[in-house]
Structure formats: structure tokens, C-alpha cells
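Report on one structure; see the data block that follows.
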Amino acid sequence: MNIMESPALVSKAKAMYGKRLKKEDYDELVRKNSVAEVAAYLKNETDYGSSLKDIYENKIHRGELEELIKDNVFQKTLKLLKFSQLTKNEFYRMNLIQREIDIILTVIRSIIPEKFEEFEEDRFDEIVKAIPIFLAEHLGFELSDIPNVKSFADVLKILTKTPFHDVLLPYLVDKGEKIDYTAVERDLQSYYYSYVFNVIERSFKGDRKKELLEIYKTQIELSNITKIYRFKKFFKVTDEEIRKSMIDNHSRLSKSYLDELISLPTAEDILKALEESKYHLYIDDKDYVFIEYYASEIRYNLANRFMHFSIDAPLVFTAYVIMLETEVQNLTNIIEGIRYETPKSEIEKMLIY
């Protein structure tokens with residue numbers, strides 16, 4: 001049997017999908033008034049309990065909780081691949097590359113605490129300790145080197161034997177100079193998508209190839225639109241900073257259209273512009289906001305359909321990862337919404353499930 005075809009993966013993924021957060025979970029989470037309350041609910045009432053069992057809810061910081069949530073999702077994905085003996089297949093390794101990028105970005109944020117408040121004092125040490133030890137055998141760099149990182153040069157040193165080194169080298173700065181984090185994040189994500197599209201182009205044909213390419217092109221579009229919205233909603237940054245964060249390789253959204261969205265003054269103006277454009281916004285009968293232009297329809301709703309009806313292992317795996325990533329984004333929106341005292345009704349509009 002071709003290694004890409006794995007009935008065991010399909011069955012396992014669908015069983016694990018059944019343990020996802022449901023509407024009643026999101027209803028409860030949106031009612032919470034603090035990050036500590038969100039952490040306590042996830043720890044005691046959901047499948048995230050295994051990753052949060054050792055935390056002290058009243059002491060956990062927003063950044064640490066978000067990292068633990070990402071770790072939980074990665075553990076689920078790796079568990080699925082180990083179960084199906086597919087950890088070394090290059091298509092299924094795409095999720096590992098994304099996790100490596102997440103860790104690298106966490107490390108870089110730790111050395112620019114003036115930009116990221118969650119890394120005051122020893123917060124980074126706590127997050128490093130939260131990274132599962134079993135990751136070590138799957139990473140291209142040594143986890144044990146991470147706590148010693150004090151500069152961008154140190155980051156490059158631990159990444160010497162990885163492709164990430166060359167991606168980051170142009171951003172090496174002298175001591176005291178600012179690291180261009182936005183550009184670093186964009187280029188790492190661009191590297192990830194280049195890897196994804198290269199593997200899909202070489203490994204698949206026909207409808208399977210077309211559907212996988214469609215899903216990942218949609219993911220880029222959703223990422224760009226979501227970044228613009230969240231920057232305008234939660235953060236005080238310049239339009240140039242937002243423009244710099246855009247992933248433009250393999251994007252189907254034109255630069256002029258992205259510039260048009262970025263130039264709008266508020267998050268609400270962005271939603272209105274999407275509603276009035278060919279990428280129209282759709283508000284369903286439960287009043288949850290979806291960006292219908294492929295973004296939710298394919299990235300979430302189509303993924304959901306694959307989970308229910310497909311028996312194709314690569315598509316089911318991709319759908320499962322999308323469902324997990326959507327869950328992470330939902331939880332991030334809830335946590336940030338609570339942190340920035342966003343009205344609960346506004347937080348609900350950003351949730352997709």
C-alpha cells in the first residue's frame with residue numbers, strides 16, 4: 001500500500017476530531033472574564049487538560065497559555081502521525097515544519113521584550129519548559145540550546161544546520177539595533193508555504209492535487225485578511241507595518257486589493273469593505289461572521305466536509321490540521337479579546353466552528 005494511503009490515519013483522525021471544542025465550550029469560554037478563567041476551563045473541562053494539568057491557573061500569563069495551546073495541538077498531530085507510522089513522510093512533515101517555525105518565533109520574541117510584553121523577566125523560561133521533550137527527536141535544532149539564546153546571532157547559531165538559517169540571515173542586526181520581527185515572521189511563513197506547494201506539486205496529481213492547492217492558497221488569503229483585521233482591531237501599528245506582514249507568494253489576492261484593505265481606518269471598515277466586494281462577508285443565521293470568499297467556506301467548512309465524508313488520507317489529515325488550527329485561532333481571539341476588554345458579542349463574531 002502507498003504510504004500516502006492510510007486507513008488507520010483516516011479512522012484515528014475522525015475519532016480525534018470528535019473531541020474538538022463544541023459550541024457549548026465556546027459559549028462558556030466567551031463568558032470568562034480573565035485569562036485565568038479560560039485556562040481553568042480548558043484544563044478541567046476539555047481535551048486540553050493533558051497539556052495544562054501542571055499549570056497554576058491564577059499565575060499563567062497570556063503568552064504562556066497560548067504556547068501551551070499550540071503545543072497541545074502539535075501533540076495531537078504528532079500522535080496521529082506516530083499512530084499511522086507517517087512521521088517521516090515529507091507531506092505529513094509539513095506540520096512539524098510549522099511547529100519549528102512557531103518555536104523559532106517564540107525564541108525571537110523572547111529577545112525583544114520591549115515589543116512583546118509576555119516576555120518580561122523569566123516568562124520565556126516558563127514557555128521553553130512547556131515545550132514537550134519528545135519534540136527533540138523531530139526537530140532540526142537542539143531544544144537544549146534554546147534557553148541560552150540572548151541575541152539574534154544566537155538564534156542563527158542554533159539554526160546553522162537548518163534551512164531557516166538562510167531565511168533569517170538577512171535580518172541579523174548589530175547589538176542595540178531593532179530586529180525586524182514582522183519581516184522575519186513573514187519570511188518564515190513564506191518559506192513554509194513554498195515547502196508546502198513544492199511537495200504538493202511533486203507528490204499529487206488530478207483532483208487531489210487541485211483540492212490541496214486550493215486549501216493552502218485559501219489559507220494564505222485567510223491569513224492575510226485576518227492579520228489586517230486583527231492589527232486594526234487590537235494593535236496600534238502603522239499601515240506600513242501591516243503591509244510588511246503580508247504573505248504574497250502564492251497569494252490570489254492582488255497587492256492593490258490588500259493595500260486597499262490596509263488603508264481602511266478601522267476593523268469594522270474592513271468587514272464592511274469585504275461585505276461589499278466580490279470577497280463578500282457572509283453573516284449566517286447565528287450571527288457569526290465568516291469571510292466567505294473561500295476563507296471559511298474552504299478552509300473550515302470544506303475541511304469539515306472532508307472530515308465527515310472523505311476517506312482520502314492526505315485530505316483528511318489536512319482537514320484535521322485545519323480544524324485544529326481554527327481552534328487555536330478561536331482560542332487566541334478569545335484570550336486576546338478578554339485581555340483587551342473587547343465586548344463579548346464582538347469576540348463571538350470572530351469565532352468559526
- prompt: Do Glu67 and Thr106 have side-chain N/O donor and acceptor atoms under 3.5 Å apart?
  reply: yes
Is it the case that Asn224 and Tyr229 place a side-chain donor and acceptor less than 3.5 Å from each other?
no
Please determine whether side chain to side chain contact (heavy atoms under 4.5 Å, CB included) holds for the pair Gln75 and Ser51, giving the CA-CA distance in whole Å, both sets of side-chain angles, and the decisive distance to 0.1 Å. CA-CA 9 Å; Gln75 288 181 50; Ser51 294; 3.6 Å; yes
With heavy-atom distances below 4.5 Å as the criterion, would you say the side chains of [X] and [Y] are in contact?
X	Y	answer
Phe141	Glu100	yes
Val184	Leu105	yes
Val30	Leu351	yes

Locate the shortest heavy-atom distance separating [X] from [Y]; write the atom from each residue and the value.
X	Y	result
Ser194	Asn249	OG-ND2, 3.2 Å
Glu64	Ile60	OE1-CG1, 3.7 Å
Thr342	Glu346	CG2-CB, 3.6 Å
Ala13	Val316	CB-CG1, 3.8 Å
Phe235	Arg230	CD1-O, 3.6 Å
Ile220	Ile247	CG2-O, 3.7 Å

| task | Run the ring-centre check on His250 versus Tyr193 and record whether the distance is less than 6.0 Å. | result | no
With rounding to the nearest 0.5 Å, note down the distance linking [atom1] in [X] to [atom2] in [Y].
X	Y	atom1	atom2	result
Leu324	Arg20	CG	CZ	11.0 Å
Leu21	Leu29	CG	CG	6.5 Å
Glu211	Thr318	CD	OG1	10.5 Å
Asp239	Asp259	CG	CG	9.0 Å
Lys244	Asp187	NZ	CG	10.5 Å
Lys79	Thr77	NZ	OG1	11.5 Å

By side-chain contact (heavy atoms from CB on, under 4.5 Å), Leu172 pairs with (sequence neighbours left out) Phe152, Ala153, Leu156
In terms of heavy-atom contacts, does NZ of Lys344 have more than 12 from other residues, nucleotides or ligands at under 6.0 Å?
yes
request  = Please check if atom NZ in Lys22 has more than 12 non-hydrogen atoms from other residues, nucleotides or ligands closer than 6.0 Å.
outcome  = yes
Between [X] and [Y], is there a side-chain N and carboxylate O pair less than 4.0 Å apart?
X	Y	result
Asp248	Lys255	no
Glu268	Lys232	no
Glu336	Arg339	no

Hey, does the Lys NZ or Arg CZ of Lys59 hover above the aromatic six-ring of Tyr56, less than 6.0 Å from the centre and inside 45° of the axis? yes
Test: Lys76 cationic atom under 6.0 Å from Tyr48 six-membered ring centre, within 45° of axis:
yes
field: side chain to side chain donor-acceptor pair (under 3.5 Å) between Thr332 and Glu66, intermediate numbers included
entry: CA-CA 7 Å; Thr332 300; Glu66 290 178 357; 4.8 Å; no
Classify the angle between the aromatic ring planes of Tyr191 and Phe164 as parallel (below 30°), tilted (30 to 60°) or perpendicular (above 60°).
perpendicular
Side chain to side chain donor-acceptor pair (under 3.5 Å) filter on Glu240, not counting sequence neighbours, yields Arg243
